[in-house]
Amino acid sequence: MNAKEAVRLFSSQRAIGKTGKYLTLVAFISACGAGVIYREWLKLQKAVHFKTDSVPDKHAKSYIYITSESTDDLVTQVKKNVHWNLAVLEHFLEDRGIGWLPFERRIDDPWRLLRRAQSKNRCDRLAAVSALASKHHWNDSEYRAVAQACDQRTLIGLARSHDVDFRFFLPPPPPPVQASEETLQDALCDLVGSLPRSNIDKCTEFFTTKAMREGHHAVAADHQSGALVFGGTPFSFVTGLSRQPQETQEMNYLLALLSHSEVLSHCVSIVENGGLPVLMRCYLERGSSKKMQCHIAHIIANLSVHEKLHNCIVQAGWVTVLAKWMKSNVTPLASHAARALANLDRDSCKEKYDDGVYVLHPQTRKRAAYEADVVFVHGLMGGAFHTWRQQDQNSKREKAPSKNGVTSNGKPSKTASMIPTKNVSKEKSTNDRLQEGTKTATVTTDQRNGTDSRSRDVQRQSENKVQLNNVSPEGLQQGYTDCWPKSWLSEDIPHMRILTVSYESHITEWAAKCPYGSEKRSLGSRSAELLRKLHKAGVGERPIIWVTHSMGGLLVKQMLVDACDKPDFDQLIENSHGIVFFSTPHHGASLAAMSQQAQFLLYPTVEVKDLTQGSQFLKNLHGRFRAFVQTYQIPVLSFGEKEPTNIGLSIKTFIVPKMSSHPGFGEYHTLDVNHLDICKPADRNSLLYVILVRFIMQNVTKALHKSLAEILTRDLFVDEAEELFYPLGFGFGE
């Protein structure tokens, strides 16, 4: 062997030695890594447990899960064990940032979905919560495990999800032990007495004083009745005669708390003084009283406006109760709960809903953006929900003709010829109802040029009569709804947000709940307050359709003309694309004149005084509103009543005559109903409802076309925009 071959042999042996060392090092590192992973795997398996202390004692047995003997064959058992071990390994690797795995993942794994719901990426969180809410096939143990490990943000998201399984929610915690020794009335009394008494408005002071005074009177009555005994047993009937019912006293305390909850600093005091557990106890002990539940939900919704109280509300167990209430058939209760959860849900809802602003649709999370807002504003002595109920089926205002052309009272129907004799499907699409309504209606539509058209309306009065008798029998057979915007309109225009507002109004001061709130009930004060609340709710960021009844129309008119002078509400003005007036007294109401004549007896309120016929205030308001409509070219739809309203003692009168309900511009209809029923359609095929839906859809579509034109004009050159617009069927700039 020469020198060259010796060197070559030595080099090859040296290279083989280095390779062997490298392989040995890799094998050692792999073995160590496998050992670490196996050790962590064992720790993770031992760490998996349930929080048994969070389960109440009385329900402990229902949450013990016994695994029966498996009847699967050996191959199936091995597959299940491998699947479980891989899932544990997968979670371990994901926790350490290793996202790539060489095996198929379980899509509906509870722990993976829960981890995604707690991700830093907002889109991933929303998608994971939606996926969690769609699961209805898991075992009870999986739901319970997710509920125990769920964070605050995910829990609120599940509560606002549609058709969520209630096994995701833990039951609310029981009241403290020391609180169970005192009565609920004493607990409420102590809570109200601990709230601040200084720097509060007169109404809050009035409700607080009333509750405390009547509570002390009840205690004194108990002591007096205890002295009247025979053989050591008090007479129960003496006790009943000497005091108010217990629920009435508790209701007074809740009203006082409700008034305090409208003040920011008092909300903090309510929580700091143990108000949330007291309210939870009231909910548990008075669960059969829907009225008390509505007051409790209202208070919680007011507290939810303040973000620093969110953690306290969640920790007190109110998310579970609110999720249950939101599914209630009682519309006010469901709306209060939906408002509270929307205020708590800061992950998907950027709007805040103050007291008096309620969302009727959608009350759950919705991934798609709203195309428009439809805002309902009730009138004098109305309500955010009660005003917009379906017309009573026993009402004689609208009679449904039978198939043989005879109405329910035995008289021939005037519209029998309008109803087809063939079988009609029970469910009709919105377009079908709109087409039918267009064919059967004869209306007068004035161009929005600001001209006074009253003289022409008088000459063509017969043309303006809209018959509302064309109501299908199928519509009357549908279930009654106490809020048709929530039940019907949400299905016909699901892509829009539907809001309703609430404010207290009375005809006489004798009926006012608080005798000191008259300075807040003028149109100017209400307008400023409602503008502020709607602005926080995001009204103005998209097209708006205003739907009003009676004095609510005057309030919207005042809001719009006031917003013109405030730069913060420019968006609200520009996005107002339609206004609907249901018997609005543009020039005054006859009821206000009657109240003025008997003012020393009726003691009319501030809002009634504003409705006096011939009032200079109404003339100035209507003049400014006419100029506003002309400037911004806003479509207006108005309805007037044709039947008198019974105001009591068999006295019937026209609350808002035709000359006052007609604004002098826009589209106008007169209906065969009275003042109270003019905003209450008999069913979804009622012409009143059909015209309203058509008006909303037409003007929202125009608004979307205009917005699209502005966006493309800003982003494209004029020539490019024209090439895009003309094939779509409308001209550039429309």
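Not measured: the values here are computed from a predicted model.
If you check the side chains of Arg389 and His386, you find a donor sitting under 3.5 Å from an acceptor. Using a 3.5 Å distance cut-off with no hydrogens or angles, the side chains of His586 and Lys557 do pair a donor with an acceptor. Between the side chains of Asn674 and Thr645, not a single donor N or O lies within less than 3.5 Å of an accepting N or O. Counting only N and O atoms by type, the side chains of Tyr353 and Ser304 include no donor and acceptor under 3.5 Å apart. Defined by atom type and a distance below 3.5 Å, a donor-acceptor pair is missing between the side-chain atoms of Trp488 and Thr481. Side chains of Asp355 and His298: a donor on one and an acceptor on the other come within 3.5 Å. Glu641 and Ser583 share a side-chain donor-acceptor pair at under 3.5 Å.
Residues Val357 and Ala537 approach most closely at CG1-CB, 4.2 Å, considering heavy atoms. Scanning both residues, Tyr689 and Pro681, for their nearest heavy atoms gives CB-CB, 3.9 Å. When all heavy atoms of Ser576 and Leu560 are compared, the closest pair comes out as OG-CD2, 3.8 Å. Heavy-atom minimum distance, Ile573 versus Ala563: CD1-CB, 3.6 Å.
When atom types are taken as modelled, the side chain of Gln390 and the backbone of Ala682 share a donor-acceptor pair closer than 3.5 angstrom. For the pair Lys680 (side chain) and Leu676 (backbone), a donor-acceptor distance under 3.5 Å is present. Checked by atom type and distance alone, the side chain of Ser661 pairs as donor or acceptor with a backbone atom of Lys658 at under 3.5 Å. A donor-acceptor pair is defined here as one N or O able to donate and one able to accept, closer than 3.5 Å; such a pair exists between the side chain of Asn343 and the backbone of Arg339. Put simply, the side chain of Ser328 never gets that close to the backbone of Lys324: no donor and acceptor are under 3.5 Å apart. Side chain of Ser527 to backbone of Gly524: no donor-acceptor contact under 3.5 angstrom is found.
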**Trace of the side-chain contact (heavy atoms from CB on, under 4.5 Å) decision for Met381 with Glu504** = CA-CA 7 Å; Met381 296 183 64; Glu504 186 180 353; over 6 Å; no
**Request:** Could you give me the CA-CA distance, side-chain angles and deciding distance for Arg160 and Asp345, then say whether salt bridge (Lys or Arg N to Asp or Glu O under 4.0 Å) is met?
**Result:** CA-CA 8 Å; Arg160 293 197 68 225; Asp345 188 9; 2.9 Å; yes
**Message:** If you apply the rule side-chain contact (heavy atoms from CB on, under 4.5 Å), what do you find for Ile493 with Met697, and how did you get there?
**Reply:** CA-CA 8 Å; Ile493 51 172; Met697 295 179 66; 4.0 Å; yes
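A salt bridge links Lys350 to Glu541: one of the charged nitrogens lies within less than 4.0 Å of a carboxylate oxygen. Between Asp373 and Arg542 there is a salt bridge, since a side-chain N of the basic residue sits under 4.0 Å from a carboxylate O of the acidic one. Look at Arg694 and Glu667 and you find a salt bridge, because one of the NZ, NE, NH1 or NH2 atoms lies within 4.0 Å of a carboxylate O, short of that distance. Salt bridge annotation for Arg497-Glu371: absent, with no cationic side-chain nitrogen under 4.0 angstrom from a carboxylate oxygen. Taking 4.0 Å as the cut-off between side-chain N and carboxylate O, Asp492 and Arg684 count as a salt-bridged pair. Using a cut-off of 4.0 Å between Lys/Arg side-chain N and Asp/Glu carboxylate O, Asp354 and Arg532 are scored as salt-bridged.
Taking the ring centroids of His495 and His361, they lie at or beyond the 6.0 Å cut-off. Aromatic rings of His675 and Phe654 (six-membered ring for Trp) have centroids beyond the 6.0 Å cut-off, not under it. The ring of His378 has its center no closer than 6.0 angstrom to the ring center of His549.
By the side-chain contact (heavy atoms from CB on, under 4.5 Å) test, Leu126 is found to be paired with Arg122, Asp347, Ser348, Arg365, residues two or more places apart in sequence or in another chain being considered. With sequence neighbours excluded, no residue satisfies salt bridge (Lys or Arg N to Asp or Glu O under 4.0 Å) with Asp570.
Exactly one of Phe376, Tyr358, Trp484 qualifies for a ring pair (Phe, Tyr, Trp, His ring centres under 6.0 Å) with Phe385. That residue is Tyr358.
Below 30°, between 30° and 60°, or above 60°: for Phe625 and Phe665 the angle between ring planes is between 30° and 60°, a tilted geometry.
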